[in-house]
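Quick notes on the structure that follows.
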Amino acid sequence: MIDWAEFGQALMEVRDDNVVSIVIRRGNTTLAAQSVRIARNTGRASVIAGGATQQVNQMVVILGSTTFDVRAEDRFTVGGVLYEVTAVRPNRRAATVAEGKVVQ
């Protein structure tokens, strides 16, 4: 049987190994700072070609605690890079995992 508390603790150790603090903007609301880990999802990037230009949409995985307050369409900036949350995985027994993309 899975010990969800122990598994969650291990995931928070992974988060804390490369933690960043983000401030989410949700519509007209700004949430308090939250600690997460952002990792590139190397298996999920898309290229959009248009005429003489190309746009690469880099996908990311965002790992937070079970209480991480995040929803699809939330936005935040880290290091001058704007991210948008595209989905939040429903299972939050050990941690909260969201997917997002680099907007600019």
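Atoms considered below: every heavy atom in the structure, side chains included; atoms not considered: hydrogens, waters and symmetry mates.
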Which heavy atom of Ile24 sits nearest a heavy atom of Phe76, and at what distance?
-> CA-CB, 4.3 Å
Exercise: identify the closest heavy-atom pair between Val85 and Ala98 = CG1-CB, 4.1 Å
Please list, chain by chain and in numerical order, all residues satisfying side-chain contact (heavy atoms from CB on, under 4.5 Å) with Arg71, sequence neighbours excluded.
-> Arg26, Asp74
At their closest point, which heavy atom of Gln34 faces which heavy atom of Phe68, and how far apart are they?
-> OE1-CD1, 3.2 Å
Residue set satisfying side-chain contact (heavy atoms from CB on, under 4.5 Å) with Val97, at least two apart, ordered chain then number -> Val61, Leu63, Arg89
How far apart are the C-alpha atoms of Arg40 and Gln58, what are their side-chain angles, what is the distance that settles it, and do they pass the side chain to side chain contact (heavy atoms under 4.5 Å, CB included) test?
-> CA-CA 7 Å; Arg40 289 189 322 173; Gln58 178 60 57; 3.8 Å; yes
Got a list of side-chain donor-acceptor pairs under 3.5 Å for residues 2-20, not counting sequence neighbours?
{"from": "Asp3", "atom 1": "OD1", "to": "Ala5", "atom 2": "N", "distance (Å)": "3.2"}
{"from": "Asp3", "atom 1": "OD1", "to": "Glu6", "atom 2": "N", "distance (Å)": "3.1"}

Check: Ile62 and Val36 side chains under 4.5 Å, non-hydrogen atoms | yes
Pairing residues for Thr67 by the side chain to side chain donor-acceptor pair (under 3.5 Å) criterion, not counting sequence neighbours | Ser65
Glu73 side chain vs Thr86 backbone, donor-acceptor pair below 3.5 Å = no
Between Val103 and Arg75, does a side chain to side chain contact (heavy atoms under 4.5 Å, CB included) hold up when you go through it step by step?
-> CA-CA 9 Å; Val103 176; Arg75 289 182 165 217; 4.1 Å; yes
For Thr77, all residues meeting side-chain contact (heavy atoms from CB on, under 4.5 Å), sequence neighbours excluded | Arg25, Leu82
Residue set satisfying side chain to side chain donor-acceptor pair (under 3.5 Å) with Thr96, at least two apart, ordered chain then number -> none
Verify same cluster id: Val23, Leu31 (apolar side-chain graph, 4.5 Å) | no
Minimal heavy-atom distance between Gly64 and Ala95, with the atoms involved, is O-CB, 3.4 Å
